[in-house]
Protein chains: 2
Amino acid sequence: MKLELHIKMNEALFLRNPESSELGKNILKHSVQLISKTGFEAFTFKKLAEDIGTTEAGIYRYFENKHKLLVYLTAWYWAWLEFQISFHTNNMNNPAEKLKRVIKLLATTVEDDENTSYINESLLYQIIIAEGSKAYLTKQVGEDNKQQFFKPYKDLCAVVGTIILACCPNYKYPKSLASTIIEMAHFQNFFMNNLPSLTDFGNNKEESEIIAFLNDLVFNSLEKN
Amino acid sequence: MKLELHIKMNEALFLRNPESSELGKNILKHSVQLISKTGFEAFTFKKLAEDIGTTEAGIYRYFENKHKLLVYLTAWYWAWLEFQISFHTNNMNNPAEKLKRVIKLLATTVEDDENTSYINESLLYQIIIAEGSKAYLTKQVGEDNKQQFFKPYKDLCAVVGTIILACCPNYKYPKSLASTIIEMAHFQNFFMNNLPSLTDFGNNKEESEIIAFLNDLVFNSLEKN
DNA sequence: TTATTTATGATAGTAATGCTATCATTTTAA
DNA sequence: TTAAAATGATAGCATTACTATCATAAATAA
């Protein structure tokens with residue numbers, strides 16, 4: 001038995017649904033590879049087209065510009081992660097255990113699920129860490145938000161916030177703590193690997209230490225309340 | 001009496017020292033205005049030159065490219081902030097009070113110090129919030145780091161880490177907590193104003209609530225240890 | 001003061017980026 | 001089997017991201 005997970009994406013993110021054709025899937029697949037290789041700044045539709053063996057115009061039929069493509073990929077990731085979380089915390093009745101599991105999922109390098117899709121989750125995780133914030137750190141964040149581009153991120157944040165409240169109903173900042181955990185899971189990883197003196201993990205570079213830090217941070221806050 | 005604070009910048013950040021001439025100072029002044037107005041992506045040296053009333057080539061004599069200029073501005077900000085912190089926490093002997101003061105300084109919109117310089121600190125603070133991470137979220141972060149471009153940020157982080165340790169000598173993650181406070185002071189502000197459902201401050205949009213959140217986060221962690 | 005370096009302004013030019021448009025050909029769906 | 005839709009090939013254009021040249025103005029040193 002093989003079930004394929006399908007994530008329904010916001011239609012305003014693309015001109016033509018990239019999941020509806022081979023070329024579209026290639027765009028997703030190769031853009032993940034190319035962005036993770038060159039970084040988002042140096043990434044262009046021309047290079048992507050050469051990579052795939054199609055033309056620039058071909059890419060533009062699917063995505064308006066590279067910003068939309070980045071937003072698409074990040075939205076896909078957040079939606080995928082929310083599913084991972086709901087799957088892996090299913091039937092857990094202790095909210096604290098649940099929250100620990102969430103933190104672990106957020107801060108652990110994902111392995112590519114070879115079968116699932118044309119998207120390499122492992123490379124995408126690297127993109128999220130290094131480029132993810134660029135999806136919303138723009139002047140258009142307001143319009144993009146109106147079009148619900150960040151809904152998967154907000155949904156994930158809401159899910160985490162709900163678990164936090166389940167742990168500690170009196171806690172005053174569930175949503176801010178949720179966004180803090182999510183962002184820091186990635187930033188501490190980026191810092192650990194690139195600016196290690198901003199972290200306490202420079203020597204071992206172990207994800208497990210980031211997880212320990214986040215657990216410490218979160219549970220000290222929640223137990224106090 | 002009027003003392004002017006002077007920040008000595010890393011010479012590898014510029015081709016010609018922008019503080020050494022009127023044109024240079026204009027570049028700094030107008031780039032802060034223009035970046036905060038248009039965002040870093042839409043900001044170009046051409047537009048900046050028009051703004052100032054000079055030519056594109058003129059700007060290139062000072063800065064290699066706009067990335068270096070952004071790194072310059074962020075480095076300036078971190079150095080300036082470190083001074084503010086050392087000034088405002090001077091002679092405070094209670095480390096917890098000191099840390100509270102630091103959090104407040106990090107999360108409070110700065111007012112432009114009209115006199116100090118050609119840099120509008122208030123606008124620069126907005127740039128740091130919305131564009132600051134882009135200074136290091138690049139493929140060149142390693143090389144930039146080798147050239148010490150992020151030293152002011154790392155120094156600030158070290159200062160905050162030291163205060164954290166003074167509060168609680170057993171605490172295991174002083175540097176990671178420091179970078180978390182610094183990043184979150186800005187991200188929660190950005191979220192509050194642009195993606196409010198990621199925070200608990202969407203209704204009032206008060207900086208004081210961000211400060212309260214960060215204090216809660218930090219001191220629960222430190223008191224526990 | 002003059003001579004000389006140094007900074008600026010004006011102008012040009014070039015390769016790459018970020019698109020849009022057209023049209024012929026192939027693929028797919030009715 | 002025919003019409004519709006997707007792709008490939010090519011062209012073009014405005015903007016971006018630079019680099020180069022040369023004349024002039026301003027600062028400085030002899």
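As the structure is a prediction and not an experimental result, all values here were calculated from the model. Here is the naming used below: chain letters follow the sequence lines, and residue numbers restart at 1 for every chain.
- At whole-Å resolution of the value, NZ in Lys68(B) and P in dC18(D) are 10 Å apart.
- Here dC18(D) presents its P atom at 14 Å from CG of Leu48(B), a figure rounded to the nearest Å.
- Between Thr54(B) and dG9(C) there is a side-chain polar atom (N or O) within less than 4.0 angstrom of OP1 or OP2.
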message: Determine whether Trp78(B) and Lys154(B) satisfy the following criterion, side chain to side chain contact (heavy atoms under 4.5 Å, CB included), listing intermediate values before the conclusion.
response: CA-CA 9 Å; Trp78(B) 297 120; Lys154(B) 287 150 91 176; over 6 Å; no
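- Checked against Ser36(A) for a side chain to side chain contact (heavy atoms under 4.5 Å, CB included), the options Ile128(A), Ile129(A), Leu123(A) give a single hit: Leu123(A).
- For Glu209(A), there are no salt bridge (charged side-chain N to carboxylate O under 4.0 Å, His left out) partners at least two apart in sequence or on another chain.
- Atom NZ of Lys46(A) has 12 or fewer neighbouring heavy atoms from other residues, nucleotides or ligands inside a 6.0 Å radius.
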Audit row: Lys134(A), Glu41(A), salt bridge (charged side-chain N to carboxylate O under 4.0 Å, His left out) steps and yes/no: CA-CA 10 Å; Lys134(A) 296 173 191 168; Glu41(A) 273 66 46; 2.9 Å; yes
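- Checked against salt bridge (charged side-chain N to carboxylate O under 4.0 Å, His left out), Asp155(A) has the following partners two or more places apart in sequence or in another chain: Lys151(A).
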field: Protein-to-nucleotide contact annotation, 5' to 3' order, nucleotides 14-26 of chain C [B base; S sugar-phosphate only; - none; under 4.0 Å, heavy atom]
entry: ---SBBBBB----
task: Give DNA chain D the dot-bracket treatment, 5' to 3': Watson-Crick (N1-N3 with N6-O4 or O6-N4) or G-U (N1-O2, O6-N3) under 3.5 Å, [ ] crossing, | other strand.
output: |||||||||||||||||||||||||||||.
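- For DNA chain C, no neighbouring residue in residues 11-27 of chain A is found when judged by any heavy atom under 4.0 Å.
- For Ile52(A) and dA9(D), the CD1 to P distance is 14 Å, given to the nearest whole Å.
- No side-chain donor from either of Gln188(A) and Thr199(A) sits under 3.5 Å from a side-chain acceptor of the other.
- Residue Tyr118(B) is tested with Glu22(B), Glu19(B), His30(B) for a side chain to side chain donor-acceptor pair (under 3.5 Å); the sole match is Glu19(B).
- Sparse packing is recorded around NZ of Lys29(A), with 12 or fewer heavy atoms of other residues, nucleotides or ligands lying under 6.0 Å away.
- For the OP1/OP2 pair of dA7(C) and a distance below 4.0 Å, the side-chain nitrogens and oxygens of Tyr62(B) include no atom meeting the criterion.
- Residues Tyr125(A) and Tyr77(A) meet the side-chain proximity criterion, which asks for heavy atoms closer than 4.5 Å.
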Quick one: side chains of residues 57-64 of chain B, donor-acceptor pairs under 3.5 Å with protein atoms, not counting sequence neighbours, listed by atom name and distance.
{"from": "Tyr62(B)", "atom 1": "OH", "to": "Ser21(B)", "atom 2": "OG", "distance (Å)": "2.5"}
{"from": "Glu64(B)", "atom 1": "OE1", "to": "Lys68(B)", "atom 2": "NZ", "distance (Å)": "2.6"}

